[in-house]
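Beneath this line is the structure, given in structure tokens, with notes to follow.
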Amino acid sequence: MSTSTLVRGTFILTLGTFISKFLGLFYVIPFNELVRDEPGALALYQYGYIPYTIFLSIATAGVPLAVSKFISKYNAIGEYEVGRKLFRSGLILMSLTGILSFLMMYLFAPVFAEMVIESNEQQVSVDQVISVIRAVSFALIIIPVMSLIRGFFQGYESMGPTAVSNVIEQVVRIVFLLAGVYVVLFVMEGSMTEAIGVATFAAFVGGVASLALLVVYYLKRKPHLDKMSATGKNELNVSIKDMYKEIILYSIPFVLVGVANPLFQVIDTLTFNKAMVSIGLAAVTDIQLEVLNFTTHKLVIIPVSLATAFAMTLIPVITSSFSKGNWNNLNRQIDQTFQILLFLTMPAAIGLSMLAEPAYTVFYGADQLGTEVLRTYAPVAILFAIYTVTAAMMQGINEQRWSVLSLLIGLLVKLTLNIPLVQMMEVQGAVLATSIGYVAAIVINLLVIKYFAAYKYRMVMKRTFLMMIFNVVMAVPVLIVYFGLDLVLNPENRLHAIIILAICGLIGAFVYAVLSMKSRLADRLFGDRVTRLRNKFS
């Protein structure tokens with residue numbers, strides 16, 4: 001895949017992922033308003049979703065991304081039928097693993113609930129958590145098959161089906177969620193537990209809509225795929241046994257890397273309440289964990305959307321270059337990826353940190369704790385993004401074993417530090433432990449890429465330093481305007497907060513864009529289109 005194709009494919013996935021994340025972020029405003037009078041509602045919601053994320057990764061077993069890599073590898077040498085054969089077999093396997101994972105999550109819901117609820121003084125009870133976990137578990141039946149089809153298209157370097165189906169899945173899920181919660185609470189006058197159960201069941205409804213769309217995509221493209229298979233080499237006869245042996249080797253690291261962020265959240269879920277109860281704060285532990293793992297996390301994860309898109313695009317791209325032994329192209333792809341990633345993620349994360357108070361107010365209402373956590377948590381998005389992309393790079397160069405090691409070390413660091421830091425600093429201690437854990441994992445990833453891809457970081461370090469200067473310069477006018485607006489507007493008022501965010505965000509984006517264009521950094525990263533744009537407005 002050429003550099004321009006890399007950028008185009010990444011743009012398509014980024015756009016789809018961003019829209020999906022955008023919808024997944026903004027629905028919390030009406031959702032929060034609907035359950036505002038229900039204590040512990042958001043905490044209960046995230047108690048159900050975190051184990052679901054873990055089980056979803058087990059259900060898919062990393063197969064979708066592994067299939068993407070497998071198909072890309074054999075397509076690169078003209079053996080199209082090998083990938084088609086795997087795809088047909090994978091549909092059966094994903095159906096079985098989805099049903100099995102659903103049964104496990106449904107039946108073991110009481111065990112998970114008792115692990116996270118440490119005290120009767122908490123706002124959420126064990127029975128409520130059991131009910132919500134079982135409601136969300138139904139999505140496991142449908143999501144694995146849907147994910148496999150996405151991986152199949154990505155293996156053909158077709159990112160559109162994944163992007164569009166992501167958006168459709170999110171739209172349907174959110175509409176069902178909001179309508180369902182409203183009907184339960186205000187029409188049927190049901191309980192908070194029933195409302196949150198409906199909210200989590202929406203994942204299943206969204207999955208069904210997405211799967212239906214992907215099936216339509218496949219049926220439309222099947223004649224073309226059949227033609228490709230017929231004109232391919234068809235010289236290799238890879239057995240199903242050999243296919244799955246290769247897929248398993250690919251997929252195990254994908255499971256761990258894909259579930260990295262939820263695993264860090266699981267450590268918080270299992271240890272945070274324990275640490276808070278030990279220092280006599282059982283009454284507020286649900287609230288603080290809700291802020292950490294739900295409200296602020298949804299805002300922090302937005303700048304990471306680009307990293308997610310890059311990770312999915314990189315796997316077939318780097319695999320293709322690595323399989324062909326094209327080291328120059330491989331290093332160019334790695335180089336460009338790091339630079340574009342940091343170019344976009346750094347200002348977004350830093351800007352979110354600076355504007356934490358109005359940002360939190362817009363989505364959840366004024367809250368001092370939420371503002372303080374968001375201010376320190378937002379920069380961690382840079383670490384999330386770097387880890388995601390470096391892990392994807394390691395998959396592409398067949399160094400999966402190191403990605404497993406780096407993640408395990410990161411999780412061990414987080415697990416070791418979490419309880420003592422939470423006891424010292426409460427929720428901020430959990431943020432710090434997460435940061436240190438990710439840094440440990442990233443350092444290992446960077447060293448592995450340097451050694452096995454013969455990659456030199458000189459240019460990336462030079463450009464990163466330049467970007468840091470741009471961010472510092474950008475921050476000055478943003479903070480000046482922010483403090484000026486703070487004198488006449490109240491950031492605790494939602495309308496005022498929107499105005500502050502819009503003005504400061506536009507100023508920051510304008511300053512950063514001007515600096516990038518004047519220095520020609522944007523030209524070097526994004527090519528001739530930016531050069532023409534700069535010349536047009538110069």
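All values reported here derive from a predicted model rather than from experimental measurement. FYI, the numbering just counts along the sequence from 1. Computed from heavy atoms alone, side chains included, the values below leave out hydrogens, waters and symmetry copies.
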* To do: Assess whether side-chain contact (heavy atoms from CB on, under 4.5 Å) is satisfied between L292 and H297, documenting all intermediate values.
  => CA-CA 6 Å; L292 174 67; H297 187 76; over 6 Å; no

* Asked: So, the side chain of R134 versus the backbone of Y106: is there a donor-acceptor pair under 3.5 Å, distance only?
  -> yes

* **Which atom of S403 lies closest to which atom of Y387, heavy atoms considered** => O-OH, 4.3 Å

* Taking S101 for the side chain and G98 for the main chain, is one N or O donor matched with an acceptor at less than 3.5 Å? -> no

* Begin with the C-alpha distance, continue with both residues' side-chain angles, and end with the deciding distance and a verdict on side-chain contact (heavy atoms from CB on, under 4.5 Å) for F363 and L374. => CA-CA 12 Å; F363 291 96; L374 182 59; over 6 Å; no

* State, to 0.1 Å, how close S406 and A441 come at their nearest heavy-atom pair, and which atoms those are. => O-CB, 3.3 Å

* Asked: Ignoring hydrogens and geometry, is there a side-chain-to-backbone donor-acceptor pair from S353 to P379 under 3.5 Å?
  -> no

* Applying ring pair (Phe, Tyr, Trp, His ring centres under 6.0 Å), name anything that partners Y52, two or more places apart in sequence or on another chain. => Y49

* Asked: Any side-chain donor paired with an acceptor under 3.5 Å for D335 and Q339?
  -> yes

* Using a 4.5 Å cut-off on heavy atoms from C-beta on, say whether the side chain of L42 contacts that of V35. => yes

* Taking every non-hydrogen atom, the tightest pair across T271 and I419 -> CB-CG1, 3.7 Å

* Does Y451 have any ring pair (Phe, Tyr, Trp, His ring centres under 6.0 Å) partners at least two apart in sequence or in another chain, and if so, which? -> none

* Asked: So, N471 side chain and M467 main chain: donor-acceptor pair closer than 3.5 Å or not?
  -> yes

* Do the side chains of F384 and I301 get nearer than 4.5 Å, heavy atoms only? -> yes

* **Pair R494 + E33: basic N to acidic O under 4.0 Å** => yes

* Asked: Side chains of I117 and S125: does their closest heavy-atom pair fall under 4.5 Å?
  -> no

* Check: V460 main-chain N/O paired with T464 side-chain donor or acceptor under 3.5 Å -> yes

* Asked: Is the backbone N or O of L342 less than 3.5 Å from a side-chain atom of T345, with the two atoms forming a donor-acceptor pair by type?
  -> no

* For atom NZ of K274, decide whether the heavy atoms of other residues, nucleotides or ligands shown that lie under 6.0 angstrom number more than 12. => no

* Asked: Where does the angle between the aromatic ring planes of F138 and F102 fall among parallel (under 30°), tilted (30 to 60°) and perpendicular (over 60°)?
  -> tilted

* Proximity of F343 and F470 rings by center, below 6.0 Å -> no

Ignoring hydrogens and angles, write down the donor-acceptor pairs under 3.5 Å from the side chains of residues 109-116, residues two or more places apart or on other chains.
none

Distance-only check: which donor-acceptor pairs under 3.5 Å involve side-chain atoms of residues 421-434, not counting sequence neighbours?
residue: Q423; atom: NE2; partner: S278; partner atom: OG; Å: 3.0
residue: E426; atom: OE1; partner: Q288; partner atom: NE2; Å: 2.8
residue: Q428; atom: OE1; partner: T376; partner atom: OG1; Å: 2.6
residue: Q428; atom: NE2; partner: E372; partner atom: O; Å: 3.1
residue: Q428; atom: NE2; partner: T376; partner atom: OG1; Å: 3.4
residue: T434; atom: OG1; partner: K414; partner atom: NZ; Å: 2.8
residue: T434; atom: OG1; partner: A430; partner atom: O; Å: 3.0

* **Atom pair CG (N493) and CD1 (I498), whose distance is rounded to the nearest 0.5 Å** => 9.0 Å

* Got K450 and Y457 here, is their nearest side-chain heavy-atom distance under 4.5 Å? -> yes

* Asked: Going from CG on L411 to CD1 on I267, what distance comes out if it is rounded to the nearest 0.5 angstrom?
  -> 4.5 Å

* **Short side-chain to backbone donor-acceptor contact, T371 and D367, under 3.5 Å** => yes

* Should the pair F176 and F201 be assigned to parallel (<30°), tilted (30 to 60°) or perpendicular (>60°) ring geometry? -> tilted

* Asked: Do side-chain atoms of T390 reach the backbone of L446 as a donor and acceptor pair under 3.5 angstrom?
  -> no

* Asked: Going from OH on Y27 to CG on L34, what distance comes out if it is rounded to the nearest 0.5 angstrom?
  -> 11.5 Å

* **Partner residues of S131 under the side-chain contact (heavy atoms from CB on, under 4.5 Å) criterion, sequence neighbours left out** => T193

* Asked: With side chains defined as the heavy atoms from C-beta onward, is the minimum distance between M474 and P347 less than 4.5 Å?
  -> yes

* I503 side, atom CD1; L355 side, atom CG - distance, nearest 0.5 Å -> 11.5 Å

* Asked: Do the side chain of N166 and the main chain of T162 share a donor and acceptor less than 3.5 angstrom apart?
  -> yes

* Under 4.5 Å between any side-chain heavy atoms of D286 and Y47, yes or no? -> yes

* **Y360 and V373: CA distance, side-chain angles, deciding distance, side-chain contact (heavy atoms from CB on, under 4.5 Å) verdict** => CA-CA 10 Å; Y360 197 91; V373 174; over 6 Å; no

* Structure fact -> Closest non-hydrogen contact found for S165 with R150 is OG-NE, 3.0 Å

* E169 vs I143, side-chain contact (heavy atoms from CB on, under 4.5 Å): CA-CA, chis, key distance, verdict -> CA-CA 10 Å; E169 179 184 6; I143 301 296; 3.8 Å; yes

* To do: Indicate whether any N or O donor in one side chain lies under 3.5 Å from an N or O acceptor in the other, for Y438 and N261.
  => yes

* **Point-to-point distance, once rounded to the nearest 0.5 Å, from CD1 of I397 to CE of M394** => 7.0 Å

* Residue F452 excluded, over 12 heavy atoms near CZ under 6.0 Å -> yes

* side-chain contact (heavy atoms from CB on, under 4.5 Å) partners of A199, counting only residues at least two apart -> F31, Y45, L177, V181

* Grab the two heavy atoms, one from A203 and one from V136, that are nearest each other, plus how far apart they are. => CB-CG2, 4.5 Å

* Asked: Going by heavy atoms in the side chains, are Y364 and K298 under 4.5 Å from each other?
  -> yes

* Asked: Looking only at heavy atoms, what is the nearest atom pair of L407 and A260, with distance?
  -> CD1-CB, 3.6 Å

* **Side-chain heavy atoms of Q46 within contact of L289, under 4.5 Å** => yes

* What's the spacing between L501 CG and L352 CG if we round to 0.5 Å? -> 8.5 Å

* Regarding S210 and R173, is there a side-chain donor-to-acceptor distance under 3.5 Å anywhere? -> no

* Hey, does the side chain of Q170 reach the backbone of L23 with a donor-acceptor pair shorter than 3.5 angstrom? -> no

